[in-house]
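Note sheet for the following structure.
Values below: every heavy atom of this structure, side chains too, minus hydrogens, waters and symmetry copies. Just so it is clear, the model here is predicted, and its values are computed rather than measured. We count ligands from 1, going down the list as the structure has it; atoms in each ligand are counted the same way.
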Amino acid sequence: VPSSLMTEEKILVSVEVCLKPSSTARINEIQEAVERMLEKRSLSYTDGPVPIPTDETFLLENVQRICICDTDEWVENHEILLFWQVKPSVHVFQLSEEGAGEESSGDGQLSSFNEWILPAKEFDGMWESLIYEPGLKQRLLRYAASALLFTEKGVDPFLVTWNRIILLHGPPGTGKTSLCKALAQKLSIRFSSRYPQCQLVEVNAHSLFSKWFSESGKLVAKLFQKIQEMVEEENNLVFVLIDEVESLAAARKAALSGSEPSDSIRVVNALLTQMDKLKSSPNAIILTTSNITAAIDVAFVDRADIKAYVGPPTVQARYEILRSCLQELIRTGILTEDQLFLPTYNSLREKLNVPDAKDSNTLLHLPKKLLEAAEVCEGLSGRTLRKLPFLAHAALSNPYSCDASKFMDTLIRTARREISEL
Ligand code: ADP
């Protein structure tokens, strides 16, 4: 390696190390072992799993998987990151298998909130499964990371303003709620050395407006008292997810016009006051979602610093979502395919640009069908797209043996039907 290149500023790349549930190894010992292993590994860096060499017995014994993250922006620009350009930032974590803790709102049906210890097993892989235009997920991650850093360093909020409220808005089914949970999970992993404990509390806004209005005020108070207790522990990082905030705004408006009991306005106001209080806690991040873009109560919009529009998937995202579905059906043996070749969208586009190759190359038969399907699916949400392969499978004449290419024909037909019913 030329020494002039060694002095260039290095690119920080996150390396996530997931411990086996059984492992009792010390985090910093694992971290050092992974750093040594990466140093020896002198390869290029791209997103994805890193195999553990067979002579690394300590790692093999304790580590479930090692993954390189966040290099996609570079890959998008066709730049390859070589080992000497990179400074790996190793994050070691163990997934919590505790599952969700619930609290009922009192009517025995709707629970008013769910609670998880992060990083949780349920959210493992969620971040990777969500596909958006390049940069959206990275941007959110960076915003949140900067907000945590500013707080950590004690930047005076009178001189530089920022807060820790994130609002994701856009049509239903575009993955906003999932993205909030996945973001919390990511941050819990990335900030684990500063915050060894991390929790996510999901507030079900709808349930706060159940028939027990008079109970709701008490519920909000109880809930936030609990959150406040979590936040007081300074090594705790606490995420509060409030889904569909527009239902709060709507309830308030209805109350003002007199069509709803005035109890509801008290609930909303209580919630807003509590959110403001929580804002001053450096270790709390509030995540909110809304299915309405235009009509959200200004009270909410003003409170959020980080607002991101999450739209319906682009053709590239649709291709990638369907590609991951297809790979899963092939992995599980539901579909058969002799020559499995499913390139990424970008690499397929490049291949199709080569003259002649596009007609004669039989390898491209399946990817081309996938692309056709992605084009047909314009207007479908991510949620519908992930359901489509299931619906298509149910429509097969022989569901027990089907090759991928035939399956794609059924999938395209199913997609057309779904769209005609929109
Ligand atoms: P929203 O909160 O916007 O209504 P959800 O988070 O409930 O959406 O999304 C429902 C499901 O749809 C997700 O769990 C995910 O499987 C799928 N989905 C939605 N958008 C996407 C996307 N862009 N990429 C991958 N999957 C998606």
Side-chain angles (χ1 to χ4, degrees), residues 47 72 76 100 113-114 116 120-141 166-186 200-207 239-250 286-296 300 304 306-329 331-332 342 344-346 370 373-375 377-393 411 414-415 418-419 422:
D47 277 23
D72 38 347
E76 199 69 34
F113 64 90
N114 289 320
W116 290 269
K121 199 171 168 208
E122 281 124 304
F123 306 144
D124 192 31
M126 209 181 220
W127 180 263
E128 291 72 24
S129 78
L130 293 165
I131 301 161
Y132 295 102
E133 67 266 25
L136 174 74
K137 290 195 295 183
Q138 272 331 308
R139 210 169 67 232
L140 280 176
L141 199 54
I166 297 176
L167 169 69
L168 301 184
H169 60 97
T174 47
K176 299 178 295 297
T177 311
S178 311
L179 187 54
C180 284
K181 291 176 175 169
L183 179 67
Q185 173 103 337
K186 268 279 136 163
L200 169 66
V201 179
E202 179 183 35
V203 183
N204 189 332
H206 273 313
S207 75
F239 293 93
V240 180
L241 167 59
I242 305 173
D243 235 342
E244 299 182 22
V245 286
E246 70 270 16
S247 66
L248 301 178
I286 301 174
L287 307 160
T288 60
T289 74
S290 170
N291 288 330
I292 318 178
T293 302
I296 317 176
F300 290 98
I306 304 166
K307 282 166 250 174
Y309 174 75
V310 182
T314 60
V315 66
Q316 173 169 1
R318 297 198 296 273
Y319 176 94
E320 296 296 348
I321 292 171
L322 291 176
R323 184 167 81 102
S324 67
C325 293
L326 213 56
Q327 275 169 333
E328 182 61 8
L329 293 183
R331 183 188 74 82
T332 48
L342 284 176
T344 63
Y345 181 82
N346 284 337
L370 187 60
E375 279 160 357
C377 288
E378 173 154 27
L380 295 183
S381 72
R383 182 187 288 150
T384 310
L385 281 174
R386 287 225 179 272
K387 249 184 262 169
L388 213 52
F390 173 75
L391 297 177
H393 185 266
L411 189 112
T414 313
E418 283 292 310
I419 284 170
L422 276 183

OG1-CG distance between Thr289 and Asp243, expressed to the nearest 0.5 angstrom: 3.5 Å
How would you list, by chain and number, the residues with a heavy atom under 4.0 angstrom from ligand 1? Ser129, Leu130, Ile131, Tyr132, Pro172, Gly173, Thr174, Gly175, Lys176, Thr177, Ser178, Ile321, Gly382, Arg383, Arg386
Please walk me through it: do Lys137 and Glu128 pass salt bridge (Lys or Arg N to Asp or Glu O under 4.0 Å)? CA-CA 10 Å; Lys137 290 195 295 183; Glu128 291 72 24; over 6 Å; no
For the residue pair Arg386 / Ser324, report whether a side-chain donor-acceptor contact shorter than 3.5 Å exists. yes
Output for pair (Ser129 OG, Asp124 CG), nearest 0.5 Å, gives 10.5 Å
Under the side-chain hydrogen bond (donor to acceptor under 3.5 Å, both in side chains) test, which residues partner Glu244, sequence neighbours left out? His206
When rounded to the nearest 0.5 Å, the distance separating SG of Cys180 from CZ of Phe123 is 11.0 Å
